[in-house]
2 protein chains.
Amino acid sequence: MRVLLVGAGGVGTAVTRIAARRTFFEAMVVADYDPARSAAAVAALDGDGRFVAERVDASDEGAVTALLARHGCDVLLNATDPRFVMPLFRAARAAGATYVDMAMSLSRPHGERPYEECGVKLGDEQFAEAAAWEEAGALALVGMGVEPGLSDVFARHAADELFDEIEEIGVRDGANLTVDGLDFAPSFSIWTTIEECLNPPVVYEAERGWYTTEPFSEPEVFDFPEGIGPVECVNVEHEEVLLVPRWVGARRVTFKYGLGQEFIDTLRTLHRLGLDGTAPVTVPSADGPVRVSPRDVVAACLPDPATLGERMHGKTCAGTWVRGVKDGAPREVYLYHVVDNQWSMAEYGSQAVVWQTAVNPVVALELLATRAWQGAGVLGPEAFPARPFLDLLTAYGSPWGMREQ
Amino acid sequence: MRVLLVGAGGVGTAVTRIAARRTFFEAMVVADYDPARSAAAVAALDGDGRFVAERVDASDEGAVTALLARHGCDVLLNATDPRFVMPLFRAARAAGATYVDMAMSLSRPHGERPYEECGVKLGDEQFAEAAAWEEAGALALVGMGVEPGLSDVFARHAADELFDEIEEIGVRDGANLTVDGLDFAPSFSIWTTIEECLNPPVVYEAERGWYTTEPFSEPEVFDFPEGIGPVECVNVEHEEVLLVPRWVGARRVTFKYGLGQEFIDTLRTLHRLGLDGTAPVTVPSADGPVRVSPRDVVAACLPDPATLGERMHGKTCAGTWVRGVKDGAPREVYLYHVVDNQWSMAEYGSQAVVWQTAVNPVVALELLATRAWQGAGVLGPEAFPARPFLDLLTAYGSPWGMREQ
């Protein structure tokens with residue numbers, strides 16, 4: 001397997017560090033818009049000759065196709081932000097490569113009833129091209145990070161081995177991470193966090209299909225394992241709600257994020273002031289008026305989450321709570337994966353949230369390389385058998401857990 | 001009198017509309033960085049030949065001096081934001097012109113104890129050059145808007161006519177303005193509002209001198225007149241606290257702004273995220289990376305307050321509360337000036353807060369033109385007799401009021 005990794009930010013860099021310990025691939029080309037970032041990621045790998053740094057503009061489909069061809073890559077792993085999903089997805093198709101991402105094509109709210117009905121859903125643009133992938137016998141594995149990704153694998157595992165019938169699948173994400181000396185330091189890309197949290201959250205119900213609610217709806221306190229404890233969680237737009245029902249039977253699918261009240265208030269304020277927007281505004285600069293996206297300015301004012309690992313303390317938990325029936329009796333479980341920042345920093349020099357996102361696509365690539373996972377079309381993680389994934393994740397030194405509720 | 005008005009934003013434009021009804025000056029040159037703004041202000045005055053539009057960069061001292069000379073102006077009225085105080089102040093001195101502004105040179109917090117001690121205070125840079133003005137027999141009238149400005153005139157009036165001894169002078173500013181269809185719409189320049197509210201508030205006490213506190217300290221509910229009612233007010237850095245004690249005896253001087261809890265929370269959030277900062281950050285744009293000031297981006301995302309008059313309802317109140325002794329008995333008064341937005345829009349097409357700021361420097365210019373006010377040096381409004389000012393303000397159709405507490 002020869003991989004083109006696009007994006008050498010926090011997650012991309014962690015991907016290279018995790019992959020460097022494995023033997024399933026021959027080459028990994030690390031490409032970024034900023035050549036210093038891809039060079040730094042490769043330079044940190046102690047001369048592992050399988051890695052090579054390149055520069056590429058992820059929005060330039062033709063350039064990405066050419067780069068795949070030039071290096072003879074058979075897989076493109078997308079570690080950029082979701083704005084670049086479609087050009088990278090199409091570039092992979094054009095080059096005949098397998099495509100893997102960790103977030104799907106972006107949604108657009110419903111024009112008249114944004115908080116009741118779906119407009120364009122997450123992944124719709126990708127699924128619209130599913131037939132072409134299937135006909136070509138080619139695979140796009142979409143939403144293959146931790147959430148979506150491992151959370152979807154958990155859903156499939158629950159359906160295969162733990163339940164006869166599933167009432168509800170609810171992805172629940174929470175953490176107790178703090179950063180020394182900083183009042184406000186999101187542990188994940190603020191661009192993506194704003195996108196997820198301020199879009200209308202999507203919910204799936206078997207009788208009703210997909211529908212949306214107001215942001216931050218249906219607050220609940222979820223008790224997270226391994227000492228994290230209770231965190232207030234609210235509905236957030238997330239890929240699992242779109243992916244799980246396509247392959248796993250469940251009456252209801254939700255995603256709730258343990259944001260906490262302060263973070264919710266901060267996002268509401270950004271929205272009220274229009275600072276969450278991506279449409280450019282005109283601003284004075286020393287070189288005359290320039291046009292910038294307010295959300296990019298918010299991101300520029302905050303520390304890069306990938307650089308905070310040294311000052312960060314605590315654990316992050318991703319997991320899937322499932323309620324249903326097994327052998328005629330009600331059952332409720334929470335399948336989860338916890339990463340302690342101290343461990344991920346010591347082992348990989350990557351902060352917990354970034355490392356947890358990065359490990360899952362590497363496990364998936366290894367399953368594709370060994371043909372333990374095979375398929376054609378645009379498929380989510382729950383379209384594949386869960387057991388080999390969960391076993392290999394444990395073999396990577398990062399075991400998952402299960403709690404009977 | 002020949003006036004160079006620098007700045008044709010909301011306040012500058014209102015200055016031209018108010019001045020156009022008066023006869024005390026021969027010419028007013030309206031200059032702005034954006035020539036469209038100065039042209040629009042002049043074009044709205046129905047061919048009053050005393051007004052002429054120019055373009056000028058307020059940070060370019062030499063260009064401003066040349067413009068003063070070219071038009072033979074003997075007064076510079078500064079209606080820009082406080083970043084441009086020093087170049088305009090120095091340009092006026094170089095050209096031998098009288099200088100008038102509505103906000104003073106900026107403060108810088110104390111390096112080690114920002115919330116206890118003053119660093120560089122508001123106006124310090126201007127007062128440092130006071131001797132040169134005085135020696136030249138030239139006048140810089142600083143802080144001559146509504147607050148500072150009219151509020152300082154009220155303080156002088158209280159000392160001259162209402163009290164034998166003054167315990168405390170507290171400027172109190174509150175409003176009940178709302179804007180149709182907007183959740184968050186500051187009625188005054190957000191750049192200036194952030195500067196005022198997030199800097200350490202300054203307090204004066206006779207025994208202690210000037211000192212600072214935490215932002216938003218000493219909350220109190222003040223009951224504003226003319227139907228505005230009770231509003232929560234907090235300490236804010238403001239020029240009156242620096243000006244009043246120089247010319248008026250009082251044991252304590254404070255400034256409290258009726259911000260309301262929601263506005264305070266919003267400012268706190270902007271600060272926590274670093275979005276109040278003025279130092280440029282690097283942000284991507286369609287033309288490659290650019291450097292912009294986060295505070296300028298916040299301003300660009302919000303509606304221009306000067307354009308909100310049509311959708312605004314309510315009144316704004318500026319005033320000075322004074323507590324002391326008269327004829328051996330305790331006395332407490334609130335001297336105030338209320339502008340109803342409906343009135344200022346109907347009369348002048350200017351929204352209330354902007355109009356209220358603009359009327360006061362025009363009154364002051366008229367007093368200087370008629371030599372009712374005379375002086376040399378760097379002087380605040382309380383250095384001049386209050387009665388002629390208050391009478392002329394009333395003659396402008398905008399009476400002030402007094403409430404015995």
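Below, chain A is the first sequence line, B the second, and so on; all start at residue 1.
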Pairs under 3.5 angstrom only: tabulate donor-acceptor contacts from the side chains of residues 290-301 of chain B to other protein residues two or more places apart or in another chain.
| unit_1 | atom_1 | unit_2 | atom_2 | d |
| --- | --- | --- | --- | --- |
| Arg291(B) | NH1 | Thr282(B) | OG1 | 2.9 |
| Arg291(B) | NH2 | Pro280(B) | O | 3.4 |
| Ser293(B) | OG | Arg295(B) | N | 3.4 |
| Ser293(B) | OG | Asp296(B) | N | 3.4 |
| Arg295(B) | NE | Asp276(B) | O | 2.8 |
| Arg295(B) | NH1 | Trp191(B) | O | 3.2 |
| Arg295(B) | NH1 | Glu195(B) | OE1 | 2.9 |
| Arg295(B) | NH2 | Glu195(B) | OE1 | 3.2 |
| Arg295(B) | NH2 | Asp276(B) | O | 3.3 |

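- With chain A as partner, the option from Leu270(B), Thr266(B), Ile190(B), Val281(B) having the largest number of non-hydrogen pairs under 4.5 angstrom is Thr266(B).
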Begin with the C-alpha distance, continue with both residues' side-chain angles, and end with the deciding distance and a verdict on side-chain hydrogen bond (donor to acceptor under 3.5 Å, both in side chains) for Glu116(A) and His110(A).
CA-CA 8 Å; Glu116(A) 295 162 52; His110(A) 190 278; over 6 Å; no

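- For the residue pair Thr213(A)/Glu218(A), the side-chain donor-acceptor check at 3.5 Å is not satisfied.
- For Leu182(A), no part lies under 4.5 angstrom from a heavy atom of chain B.
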Expected list for residues 31-39 of chain A: side-chain donor-acceptor pairs under 3.5 angstrom, two or more places apart:
| unit_1 | atom_1 | unit_2 | atom_2 | d |
| --- | --- | --- | --- | --- |
| Asp32(A) | OD1 | Asp34(A) | N | 2.8 |
| Asp32(A) | OD1 | Arg37(A) | NE | 3.3 |
| Asp32(A) | OD2 | Ala8(A) | N | 2.6 |
| Asp32(A) | OD2 | Arg37(A) | NE | 3.4 |
| Asp32(A) | OD2 | Arg37(A) | NH2 | 3.1 |
| Asp34(A) | OD1 | Ala36(A) | N | 3.0 |
| Ser38(A) | OG | Pro35(A) | O | 3.2 |
| Ser38(A) | OG | Glu54(A) | O | 2.9 |

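- Only the side chain of Thr269(A) comes within contact range of chain B, with heavy atoms under 4.5 Å apart.
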